[in-house]
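Owing to the predicted nature of the structure, the values given are computational and were not obtained by experimental measurement. Counting starts at 1 for both ligands and their atoms, following the listed order. For the single chain, residues carry numbers from 1 onward in sequence order.
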Amino acid sequence: MKDIILNIDPQKRKSHINPEIYGHFSEHLGRCIYNGMFVGENSEIPNTGGVRNDVIATLKHIRIPVLRWPGGCFADEYHWKDGIGKKESRRKMINTNWGGVVEDNSFGTHEFMDLCEKLECEPYISGNLGSGTVQELSEWVEYITFDGVSPMTEERRRNGREKPWKLKYLGIGNESWGCGGSMRPEYYCDLYRQYQTFCRNYSGNELFKIACGPNSDDYDWTETLMTNLNEWNTKAISLHYYTVPTGDWSHKGSATEFSDEEYYSTITKTLHMEELVTKHSEIMDKHDPEHKIGLIVDEWGCWYDVEPGTNPGFLYQQNTMRDAIIAAINLNIFNEHSDRVIMSNIAQVVNVLQAVILTEGEKMILTPTYHVFDLYKDHQNSELVESSLQGFETNGVPAITKSVSVDVKGNLLITMSNCSLTESAKISANLCGFAPAKAEGQILCADKQAHNTFDEPENVIPKEIGEIEINSDSVSFELPACSVVSVKLYK
Ligand code: AHR
């Protein structure tokens, strides 16, 4: 067992951890919306407005702060007017990006905005810049947020919603460098300026406009955006980065069967997020030293080969203890960079990529990744504090990641991951004068390939952590191999 000293200074507050860092993403893709979250009002599966009650309850449990919709690549082919009004007369379309299936538009603006109200989370709408029009996006904002008299609000009222909804987060295009239009950054900037001009603030609603940022390490994209969009009501730019274990998109690797070598290469690729966030932030710092513009990692997670026998266009994959470690690493990175990273959205919430929930008929299971969001949820709205440790390397990667925050009541939350498959660590945390009255902790620890199934839904679930030794201003606890731990120290 390695002895690791973790130094924490609760007095040194670094940045606010926006709850939105714990955000999610739902696209019209595979079984994320249809036959996933949304089963329709007539389903025998208990639902509210067509959305499964069990999904709503489990997302509320982890305090989902924000939900991004309707895509993804789908967003730039989505015409919102097809998704309002009587369901039977809604226009059907082909989902060209994802399996060429028929999209019947039965889940549209009302269904999404109502769902966010039920979840008590912020809606985040990705607008269509790639194949839509300025007028279309402008009218969508008007339809959702305007309280006065206009053709859009009359239509909304006819469709059963008298009062407008609140809409804060509005993305102007998705992956405009790729599926959203294959644009050059200069061209995108001009379009962004044009589109955002016509997305107005109505009836006290204030839009938080998000520009489509870079793919992975495309630093030139960030540089061009920061040069051209600094002044154009840009509140944030996005970043997309997926972990692909093999690095080869034609053979990404299995979600459940992988060697130790593949496991460690997945960790290495995940840790690349640290470099990406650091370097994009450096460019942003140059143009925006006051941090007025945030970085939003609105697509992240593991992307494997689909489960054998499933539609390749549906991106359905299982989720193991490896995914839990990967989620923990990413969330620790985002916390540590919360001076610039103001939101992140794991891809995707149900049945797609690194999902927190999987469903099959009436059954629903929570993945190891879900449990990490549960262990980490008290970081939401807390203040990141200074912490440092001298870790150790395992198979060429740093084994341990961490982040520490203090909440409004003065309680500390320590979250840590240990990706080593063989070495556990004894963590001795020096608290710089903080004397905890009580400590409690939870742990997620299992074999690297362990996962929950519809027959065995509790293979990987959080447990109470073993003994936490409390001294006057220090605590110690074990961080086993292949584990994620959260320790709460009460004032
Ligand atoms: O999340 C799946 C897809 O990945 C999204 O539609 C797209 O934005 C990204 O390439």
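For the pair R68 and Y124, the cation-pi test (distance below 6.0 Å, angle within 45°) is passed.
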Just distance, no hydrogens or angles: give the donor-acceptor pairs under 3.5 Å from side chains in residues 178-186, sequence neighbours left out.
from: S182; atom 1: OG; to: G178; atom 2: O; distance (Å): 3.4
from: R184; atom 1: NH1; to: E186; atom 2: OE1; distance (Å): 3.4

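Using modelled atom types, one finds a donor on one side chain and an acceptor on the other under 3.5 Å when comparing H79 with E136. Checking E274 against T278 by side-chain atom types alone, a donor-acceptor pair falls below 3.5 Å.
The part of W98 lying near ligand 1 is the side chain, judged by heavy-atom distances below 4.0 Å. Contacts with ligand 1 closer than 4.0 Å are made by side-chain heavy atoms of F25 only, the backbone lying farther away. Contacts between N97 and ligand 1, counted as non-hydrogen atom pairs separated by less than 4.0 Å, are absent for every part of the residue. Within the 4.0 Å heavy-atom criterion, the part of N174 lying near ligand 1 is the side chain and not the backbone.
Every atom of ligand 1 with a heavy atom of Q348 under 4.0 Å away is listed here by number and element: 1 (O), 2 (C). Atoms of ligand 1 lying under 4.0 Å from any heavy atom of C73, numbered from 1 in the order shown and given with element: 5 (C), 6 (O), 7 (C), 8 (O). The ligand atoms of ligand 1 that sit less than 4.0 angstrom from a heavy atom of L353 are 1 (O), 2 (C).
Checking I237, N230, D220 one by one against L225, the side-chain contact (heavy atoms from CB on, under 4.5 Å) holds for a single residue, I237.
Close N/O approach between F74 and ligand 1 is not found [any backbone or side-chain N/O within under 3.5 Å].
Listed by first and then second residue, the disulfide (SG to SG under 2.5 Å) pairs involving residues 242-286 amount to none (not counting sequence neighbours).
Between D260 and K448, at least one side-chain nitrogen of the basic residue sits less than 4.0 Å from a carboxylate oxygen of the acidic one, meeting the salt-bridge criterion. The pair R63-E120 does not count as a salt bridge, with every side-chain nitrogen at least 4.0 angstrom from each carboxylate oxygen.
If you check which protein heavy atom lies closest to atom 8 (O) of ligand 1, you get E299 OE2, 2.7 Å. Of all protein heavy atoms, the one lying nearest to atom 10 (O) of ligand 1 is E175 OE1, 2.8 Å. Of the protein's non-hydrogen atoms, Y242 OH, 2.7 Å is the one closest to atom 1 (O) of ligand 1.
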